[in-house]
Structure formats: C-alpha cells, structure tokens
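Below is one structure, written out as structure tokens; comments come after it.
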Amino acid sequence: MYLSRRAKILLASLTFGTLSFIYIPLFVVALNSFNPSRSFSWPPQSLSTVWWGRLTESNGVLPAIASSIKVGLGATAIALILGTCIAFAVSRYSFYGKNTLSLLVIFPIALPGIITGIALNTTFHTFLDPLNKQLALWTVVVGHATFCIVVVYNNVLARLRRLGQSLEEASQDLGANIFQTFRYITFPLVRSALVAGGLLAFALSFDEIVVTTFTAGPGTETLPQWIFNNLFRPNQAPIVNVVATMLIVLFIFPVWLSQRISQDGSAGGRL
Amino acid sequence: MRNNRINTWLYRHKGARAALLLALPVLWLAVAYLGSLAVMLISSLWSVDSFTGNTVHSFSFTNFHTLLTQKVYGTIAIRSITVAVAVTIIDGLLAIPIALFISKVLKPKFRSVVIALVLVPLWASYLVKTYAWRSMFSDGGVISWALKPFGIHGPGFGLTATTITLAYLWLPYMILPIYAGLDRLPNTLLEASSDLGASARTTFTSIILPIIYPAIIAGSIFTFSLSLGDYIVVKIVGGTTQLVANVIADNVGTAGNLPFAAAMALLPIATILGYLFVVRRSGALENF
C-alpha cells in the first residue's frame with residue numbers, strides 16, 4: 001500500500017505512544033522499589049536499596065513464595081500428563097466428541113476465573129463438607145491444573161502436527177515396539193515442547209489469583225494473594241513494590257526461554 | 001515377555017490406545033470440571049439459611065427474584081457491560097494502528113522485536129500490572145503529577161481508572177489477532193488498490209477493515225469477556241465502584257452466600273455466550 005510519509009510518521013508515533021503506555025507503569029513500579037519514602041510521592045526524591053534489603057524479613061513473603069512454588073509444580077505436573085494425553089489423542093486418533101474435547105480444554109481459561117473459581121468452590125464444599133474436610137493447598141493445585149492443561153496441550157499439539165507420523169512408522173517398521181518407539185523417537189522429539197508448555201503452565205499458575213482465592217483453604221497464601229492482601233496496607237507498600245519488581249523481571253525470563261525453545265506459536269499457547 | 005504381550009495387544013487395538021490416553025483427561029475435564037459448572041448452575045437455585053448460615057438444598061427462584069427486582073443489580077449489570085464495551089473499543093482503537101505499523105510499515109527484521117515488545121508484558125504478572133496502575137492513579141501518583149502543570153486533577157480511583165487499567169491488561173489480546181490477520185493480508189492487494197487510484201483512507205476502509213474484521217472480533221471476545229469477569233482490578237483501582245464480578249466475589253467471601261453468587265455468575269456467562277452467538281457468523285471463532 002502506498003502510504004504517505006505523513007501517514008507513516010503518524011502510525012509510527014501511535015505505535016510509540018502505545019508501547020509507552022504498555023511500559024511506563026512497569027517502569028514506575030520498578031523505580032518506586034528504589035524510592036526510600038514510604039508514601040511514594042512522585043517523583044522520587046532519592047534512590048536507595050533499603051527496601052530490597054528488607055525483603056527476607058519475616059513478613060510472609062517467603063512462605064507465600066514457597067506455597068506458590070508447590071502449587072505451580074503440582075499443577076504443572078498434572079497439566080503435563082493430561083495435556084500431553086489429550087494432544088496425542090487429538091492428533092493421532094479420531095474419536096467421537098473430538099471437537100467437543102478440544103473446545104472443552106480451552107473452557108477453563110476462556111471462562112472468567114471467577115466462574116471456574118466458584119464452580120470448583122461449590123463442588124469442593126459439596127463433597128468435602130460432609131467429610132468434615134476443609135479446602136487446603138491441594139484444592140488450589142486441582143484448580144490451577146484445570147486451566148494449565150490448555151497451554152501444555154497447545155504446545156504439544158502444535159509440535160505433533162508439525163512432526164507428522166512418518167518417523168514413528170519407520171521406527172515400528174524397523175521392529176521397535178510401541179514403548180521403544182515412544183522412548184527413543186517420539187519423546188525426544190516432543191521433549192522441548194513439553195519443557196516450553198511446562199514453563200508456561202508454571203508461569204500461569206504462579207501468577208493466578210482468582211481461582212486461587214476461591215479454592216484455597218484458610219491459612220493458605222500464595223504469592224499473588226500475599227501481594228493482594230498487602231497492597232492496601234500502607235506499611236507494607238514498599239515491600240510490595242520490591243516483590244512486584246522482582247516478579248516483572250522473573251516472569252520475562254521463563255517466557256522468553258519457552259519462546260526460544262518451542263518456536264511453534266507466537267503467544268506460547270496463551271491465545 | 002509380559003511387556004511384549006501388552007505391546008502386541010495395544011498395537012492391534014487402536015481404540016484401546018485412544019481410550020487409555022483419553023480416560024484421565026476426560027475424567028478431569030468432562031466429569032470433574034463440567035460437573036462443577038453443573039453443580040454451580042444448580043446451586044443458584046439453592047439458598048442460605050439467614051439464621052444458621054447453612055446452605056439449604058431445596059429449589060427456589062428466590063435468588064433470581066432478588067436479582068431481577070432489586071434495581072441496584074440492574075444498574076451494576078449495565079455498568080459492567082458498559083465498561084467491557086468501552087475497554088473493547090479502546091483496545092481496538094489502540095491495536096489497529098500498532099498492528100498496521102508492525103505488519104505493513106516496519107521492515108521484516110524489526111517485526112519480531114516489536115512483536116516481542118508487545119508480547120512480553122502479556123506474561124508479566126497480572127497482579128503486578130494492576131498494582132502498577134494503582135501507583136499511577138494514586139493521590140500524588142504519576143498521573144496527578146503529570147497533570148498538575150495543566151491545572152487538571154487526575155481521575156483518582158474509580159470507574160475511569162478501572163476502564164483504563166482493564167484496557168491496559170487486555171491490549172495484547174487485541175493486538176495479536178489483528179497483527180496475525182494483517183500479516184496474512186498480501187501486500188499486492190494493497191498495491192493493487194493504490195494502483196487503481198484509491199487513497200490510503202479508501203484502501204483502509206474498503207480493503208483492510210473488511211479483511212481484518214474477523215480478527216478484531218476474535219480480539220474483542222477476549223477483551224470483552226475478560227473485562228466482564230474481572231474483580232481484582234476494580235478492587236485495586238476502582239475505589240468503591242461495584243461491578244458484577246466483585247458483587248459475585250463479595251457474596252462468596254464476606255457475605256458467604258454461594259447460591260446468590262452462583263445466580264449472579266449466570267449474568268456474565270449468559271452475556272459472554274450471547275456475545276459468542278452473535279459474533280459466530282463473522283467467522284472469528286474458526287481461528288480458535
């Protein structure tokens with residue numbers, strides 16, 4: 001299309017404006033974590049790392065990080081198994097309800113978290129109350145696994161579609177049985193897709209708050225819940241800034257890594 | 001030997017292999033997850049004993065009667081849908097120029113860099129991004145500081161802050177489908193349009209827009225339904241604003257009235273399904 005110089009400059013400046021809109025708030029948080037003042041009057045009068053030094057003091061951050069990691073690992077493990085199973089079934093077999101199943105996988109992430117959250121909450125209460133059991137950490141793992149399945153599924157499915165089946169057929173023609181073929185041929189080929197999907201599932205779980213809120217038992221606090229509970233407390237605000245900045249940096253890394261590994265989809269299966 | 005027998009049996013029975021793969025996932029998603037959604041739908045007909053606080057498992061339409069007769073819920077519903085529509089329009093207006101610039105103006109070698117710049121924040125923590133806007137809108141925050149020289153007060157926490165923050169959060173979900181749609185649109189088509197004498201404006205309105213329309217709809221499904229279901233943002237930057245999702249959340253949390261929350265949850269579900277039904281004809285859903 002022929003675009004005049006003026007139109008190109010206009011588009012470029014709109015793009016620049018939107019990218020600033022995307023990044024400025026993140027920079028503000030990062031800068032505020034070095035703001036020694038408790039009230040964050042903008043702009044900061046001076047910079048210091050005083051709040052970063054207080055990170056490990058007992059304020060509940062470390063236990064919250066620990067529960068988040070536990071939940072993330074549990075949910076990722078379940079999502080890896082279930083997501084891979086569905087991806088293999090959908091790409092290699094034809095069965096009744098295949099389209100419904102591939103839609104059903106997307107459901108938990110397409111529906112608002114609050115819906116999945118209260119649906120699981122109601123079910124947990126319906127079944128656990130009669131047993132005198134309470135919500136706990138494992139109920140959070142169940143909730144997270146449900147919406148993490150889709151990212152593993154998307155990554156593995158994309159890989160399996162790209163690979164085709166000829167290598168596996170060749171392996172079986174040469175006398176390898178099903179298990180050997182999986183172990184020596186299929187698994188090494190999908191391994192990096194599993195790593196990418198697993199990383200994204202972990203990141204998704206680590207960041208989740210809505211489903212967590214409705215499936216967590218009393219006394220269970222993940223890192224996002226800790227942030228949410230503390231960001232209204234003026235005393236804790238400086239530490240919240242430090243944790244938030246840490247999360248911005250930490251999140252970019254696994255996502256960047258999984259993009260490098262998988263190269264199957266641009267959004268890493270989140271879209 | 002045993003291993004071999006299982007192997008031969010599996011090799012011969014394709015159906016059994018598929019069934020083994022599917023058993024666990026179907027149990028989890030179709031039975032546990034769909035079952036939970038069904039329990040939630042049914043529970044909207046239950047009620048809570050106001051004296052003991054226990055759930056009464058008998059059916060009545062009390063919750064729906066309350067929702068339909070009390071005016072405040074209608075107001076909240078209209079406000080929530082207005083916010084979701086506003087967020088969708090803002091995101092559309094921001095996303096089209098940036099997608100157009102990346103796919104049609106930028107040289108290919110810079111494209112992946114700028115796309116990465118758009119994508120990376122998509123994965124930055126949702127809560128951190130929302131929190132970031134709290135520092136933007138707060139009293140003495142960046143926005144009021146930036147507007148001070150002009151003698152304008154910042155909007156503070158409220159409906160405006162909620163709408164802007166939601167638009168910020170879901171923007172990448174709008175940019176990506178539109179970018180993908182534009183990327184598939186061959187440049188020769190646009191050149192042909194120019195050669196035949198169309199101005200850039202005519203090319204945009206009669207060639208580009210109709211072709212990326214399904215992509216815009218696909219993006220709008222995300223921005224619309226994510227906005228409608230969100231209660232964290234409105235709690236953090238919304239001040240005292242009430243939207244459907246935080247009424248639901250409050251009924252689960254403080255009020256402890258799960259059945260009423262379930263009844264209220266039907267509103268976003270019905271609205272989102274209705275929206276999907278309306279846009280189904282645009283072909284946007286085929287990309288999923």
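Predicted model, so just to flag it, every value in this text is computed and none were measured. These numbers come from the heavy atoms of this one structure, side chains and all, not from hydrogens, waters or symmetry mates. Labels below follow one simple rule: chain letters A, B, ... track the order of the sequence lines, proteins then strands, and each chain is numbered from 1.
Atom CZ of A:F179 sits in a crowded spot, with more than 12 heavy atoms from other residues, nucleotides or ligands closer than 6.0 Å.
Residues A:N177 and B:T8 fail the side-chain proximity criterion, which asks for heavy atoms closer than 4.5 Å. Side-chain contact between A:N241 and B:Y131 is present, with heavy atoms from C-beta onward closer than 4.5 Å.
Of the listed residues (B:L20, B:L21, B:V128), the greatest number of heavy-atom pairs within a distance under 4.5 Å of chain A belongs to B:L21. Interface remark: of the candidates B:L127, B:I164, B:L41, B:V39, B:L127 forms the most heavy-atom pairs closer than 4.5 Å to chain A. Contact count against chain A (heavy-atom pairs under 4.5 Å) is highest for B:A249 among B:A249, B:P268, B:S193.
At a 4.5 Å heavy-atom cutoff, the contact between B:A30 and chain A is made by backbone and side-chain atoms alike. Both the backbone and the side chain of B:V142 have a heavy atom closer than 4.5 Å to some heavy atom of chain A. Interface remark: B:L10 contributes backbone and side-chain atoms alike to the contact with chain A (heavy atom separation under 4.5 Å). For B:L37, the parts sitting under 4.5 Å from any heavy atom of chain A are the backbone and the side chain alike. Using a 4.5 Å cut-off between heavy atoms, B:I236 contacts chain A through both its backbone and its side chain. For B:L226, no part lies under 4.5 angstrom from a heavy atom of chain A. Neither the backbone nor the side chain of A:F16 has a heavy atom closer than 4.5 Å to any heavy atom of chain B. Heavy atoms closer than 4.5 Å to chain B are found nowhere in A:A7, neither backbone nor side chain. Residue B:S225 touches chain A through both its backbone and its side chain, counting heavy-atom pairs closer than 4.5 Å.
Shortest non-hydrogen contact noted between B:G229 and A:P112 is CA-CB, 3.5 Å. In this structure, A:K8 and B:F101 approach most closely via the heavy-atom pair O-CE1, 4.3 Å.
Distance alone, capped at 3.5 Å, is enough to place a donor-acceptor pair between the A:Y23 side chain and the B:L117 backbone. The backbone N or O of B:S125 sits nowhere less than 3.5 Å from a side-chain atom of A:D207 that would complete a donor-acceptor pair. Side chain of B:Y231 to backbone of A:I114: no donor-acceptor contact under 3.5 angstrom is found.
Heavy-atom proximity under 4.5 angstrom to chain A picks out B:A261, B:A262, B:A265 from residues 259-267 of chain B.
Screening A:T123, A:I115, A:T116 for a side-chain contact (heavy atoms from CB on, under 4.5 Å) involving B:S36 leaves a single residue, A:T123. Between B:S135 and the options A:V240, A:L31, A:V29, A:N35, a side-chain contact (heavy atoms from CB on, under 4.5 Å) holds for only A:V29.
A ring-centre distance under 6.0 Å is found for B:W133 and A:F21.
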